[in-house]
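Computed from heavy atoms alone, side chains included, the values below leave out hydrogens, waters and symmetry copies. Letters A, B, ... mirror the listed sequences (proteins, then strands); counts begin at 1.
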2 protein chains.
Amino acid sequence: MALDHAILVSLTERAASGYDLARRFDASIGYFWPASHQQIYKVLGRMQEAGWVESTVHEQHGRPDKKNYAITAAGEAELDRWATVPSGREALRSDFAVKLRGFRDREAILTDTRARRADHVARLAEYEASEKRFYPDPSALDGAGLGAWLALRGGIHTEERGIEWCDEILTALEGRGSR
Amino acid sequence: MALDHAILVSLTERAASGYDLARRFDASIGYFWPASHQQIYKVLGRMQEAGWVESTVHEQHGRPDKKNYAITAAGEAELDRWATVPSGREALRSDFAVKLRGFRDREAILTDTRARRADHVARLAEYEASEKRFYPDPSALDGAGLGAWLALRGGIHTEERGIEWCDEILTALEGRGSR
DNA sequence: TTATACATGTAAAGTGTTACATGATTGG
DNA sequence: CCAATCATGTAACACTTTACATGTATAA
């Protein structure tokens with residue numbers, strides 16, 4: 001049920017259509033909880049029935065009507081309830097780690113590791129650009145900005161450690177004979 | 001389809017029953033790909049039909065018969081094929097990061113962060129105990145052991161960075177007024 | 001003329017979680 | 001006597017991914 005809460009959090013920041021939310025999930029909040037537009041539309045419908053969000057339709061010319069969703073008091077109450085539920089452990093569930101554990105072809109895993117490292121570097125650059133742009137002075141943050149910044153910090157840590165791990169793998173495998 | 005491969009990797013290390021695999025998934029390989037016994041039995045059945053594994057039944061007295069599964073040549077070929085498929089980005093999908101981003105109750109998120117930190121510390125201790133016990137001399141590793149050790153290193157990095165992130169959150173939130 | 005942005009969805013297939021079902025043996 | 005371990009599964013539900021479906025406006 002966590003996509004529900006991710007959408008609610010996003011709507012707390014600003015009301016939005018399903019389309020807008022889908023774009024946000026391709027960027028900011030989707031860093032921590034990816035979701036497609038198909039999923040988002042479905043959950044919005046369910047949450048509207050539950051009374052957690054409400055929508056107003058804006059007619060448009062030349063393109064489909066736009067439904068703007070806003071969080072309701074009941075939705076905010078749900079967020080507050082959710083805040084008190086312990087998160088519990090998050091599993092790794094890493095395709096790459098399984099592949100690494102069982103590798104038999106050194107070149108194949110090296111190729112994969114190099115590509116993975118490049119992905120981490122690229123995403124780290126995105127995160128750091130966001131940090132510089134939106135949170136240039138973290139010590140001045142409070143309220144909504146503080147949580148968003150700390151979440152972004154988590155993304156930065158994740159990428160940094162991913163790079164370290166890749167480097168460790170490359171060092172271990174490049175310096176040895178074939179397997 | 002990655003549970004399939006996680007099971008195949010595990011069977012490469014040693015043939016096993018569904019029950020044995022479930023225990024392995026509660027410990028070693030499940031660190032990177034958690035799975036319940038229900039899921040494992042289902043996938044074993046599917047993989048046997050596909051010819052990737054084969055089973056021999058061992059009758060037992062006083063308890064149900066035991067089916068021992070072993071990987072076949074076709075199963076190994078599938079692993080080799082899979083090794084050449086690029087892994088692609090792994091999404092974070094973190095409940096906690098979403099909660100942090102949207103937090104409104106400072107005490108609630110502090111409680112959650114402290115519990116999370118304790119989980120990381122506990123898991124890190126497990127990983128480090130495993131490393132000391134099974135890979136006391138990493139430089140001497142080759143073949144199967146090397147991949148398993150590098151995967152474990154990934155787990156260690158994950159927990160270490162998780163602790164750092166929690167500490168950053170605690171520092172940022174404990175030193176400030178309420179929100 | 002081709003791709004991208006805008007804007008909303010349904011349907012099917014795959015994957016994962018939780019609940020249910022059975023039953024003997026062993027250790028505290 | 002109660003809990004844990006051994007040993008296998010089915011069924012229902014929840015969630016995610018991928019494919020399908022439609023149509024205009026705008027910029028390269």
Side-chain angles (χ1 to χ4, degrees), chain A residues 1-8 15-27 29-30 32-50 53 55-69 82 85 87-95 98, chain B residues 1-8 15-27 29-30 32-50 53 55-69 82 85 87-95 98:
Chain A
M1 289 275 198
L3 176 54
D4 302 48
H5 299 107
I7 290 175
L8 290 177
S17 67
Y19 186 84
D20 296 333
L21 285 166
R23 279 186 310 171
R24 287 187 201 169
F25 274 81
D26 282 340
I29 198 158
F32 316 117
W33 201 276
S36 63
H37 75 271
Q38 292 92 331
Q39 244 181 302
I40 290 167
Y41 284 120
K42 205 185 295 180
V43 172
L44 280 172
R46 192 212 299 154
M47 289 202 298
Q48 184 160 32
E49 275 185 47
V53 297
S55 65
T56 49
V57 178
H58 298 267
E59 284 178 40
Q60 301 193 122
H61 46 283
R63 51 187 55 174
D65 291 350
K66 188 170 175 161
K67 277 192 216 167
N68 212 265
Y69 288 88
W82 178 62
V85 179
S87 296
R89 282 198 173 173
E90 275 158 22
L92 254 189
R93 211 174 288 279
S94 165
D95 226 45
V98 172
Chain B
M1 286 270 200
L3 176 56
D4 302 49
H5 298 108
I7 290 176
L8 289 177
S17 67
Y19 186 83
D20 297 332
L21 285 166
R23 278 185 312 169
R24 287 187 203 168
F25 274 81
D26 283 339
I29 198 159
F32 317 115
W33 202 274
S36 64
H37 75 271
Q38 292 93 330
Q39 242 182 307
I40 289 165
Y41 284 120
K42 204 185 295 181
V43 173
L44 280 172
R46 191 212 300 157
M47 289 202 295
Q48 185 161 33
E49 275 185 48
V53 298
S55 65
T56 50
V57 177
H58 298 268
E59 284 177 38
Q60 301 193 123
H61 46 281
R63 52 186 55 172
D65 292 350
K66 188 172 176 161
K67 278 193 215 167
N68 213 265
Y69 288 89
W82 178 63
V85 179
S87 295
R89 284 197 170 172
E90 275 156 22
L92 257 190
R93 211 173 288 280
S94 164
D95 226 44
V98 173

>> Could you report the tightest heavy-atom contact between R93(B) and P34(A), atom names first, then the distance?
In response: NH1-O, 3.2 Å

> Which whole-number value in Å describes the distance from K66(A) NZ to dA25(D) P?
Replying inline: 16 Å

>> How many whole angstroms separate atom CG of D20(B) from atom C1' of dT8(D)?
In response: 12 Å

>> If I take atom NE2 in residue H58(A) and atom C1' in nucleotide dT8(C), what distance separates them, rounded to the nearest angstrom?
In response: 15 Å

> Is Q60(B) near enough to dC6(D) that one of its side-chain N or O atoms lies under 4.0 angstrom from OP1 or OP2?
Replying inline: no

> To the nearest Å, how far apart are L44(B) CG and dT8(D) P?
Replying inline: 9 Å

> Please give, in whole Å, the distance from dA24(C) P to D65(B) CG?
Replying inline: 15 Å

>> Please report the distance, rounded to the nearest Å, between CZ in F25(B) and P in dA7(D).
In response: 18 Å

> Closest approach of A35(A) and L3(A), non-hydrogen atoms and distance?
Replying inline: CB-CD1, 3.7 Å

>> Strictly below 4.0 Å: does S36(B) bring a side-chain N or O up to OP1 or OP2 of dG16(C)?
In response: no

> Does the side chain of H58(B) come within less than 4.5 Å of D65(B)'s, by heavy atoms?
Replying inline: no

>> Among dG16(C), dA5(C), dT18(C), which nucleotide has an atom closest to any side-chain atom of W33(B)?
In response: dG16(C)

> What is the distance from CD of Q39(A) to C1' of dA13(C), rounded to the nearest Å?
Replying inline: 14 Å

> Taking for each residue the nucleotide of DNA chain D with the nearest heavy atom, is it L3(A) or Q38(B) whose nucleotide lies nearer the 5' end?
Replying inline: Q38(B)

> Is the shortest distance from a Lys or Arg side-chain nitrogen in R23(A) or D20(A) to a carboxylate oxygen in the other one below 4.0 Å?
Replying inline: yes

>> With nearest nucleotide decided by heavy atoms, which residue, R23(A) or K42(A), maps closer to the 5′ end of DNA chain C?
In response: R23(A)

> Nearest nucleotide by nearest heavy atom, which residue falls closer to the 5' end of DNA chain C, R46(B) or H37(B)?
Replying inline: R46(B)

> Considering only side-chain heavy atoms of K67(A), which listed nucleotide, dG16(C), dT18(C), dT8(C), is closest?
Replying inline: dT8(C)

> Any idea which of dC6(C), dA7(D), dA12(C) is nearest the Y19(B) side chain?
Replying inline: dA7(D)

>> Measuring from the side chain of Y69(B) (C-beta onward, heavy atoms only), which nucleotide among dT17(C), dT17(D), dG9(D) has the closest atom?
In response: dG9(D)

>> For dG9(C) and Y41(A) - does any side-chain N or O of the residue sit under 4.0 Å from the phosphate oxygens OP1/OP2?
In response: no

> Roughly how many Å is it from CG in D26(B) to C1' in dC6(D), rounded to a whole number?
Replying inline: 14 Å

> Side-chain contact, heavy-atom cut-off 4.5 Å: W33(A) with D95(B)?
Replying inline: yes

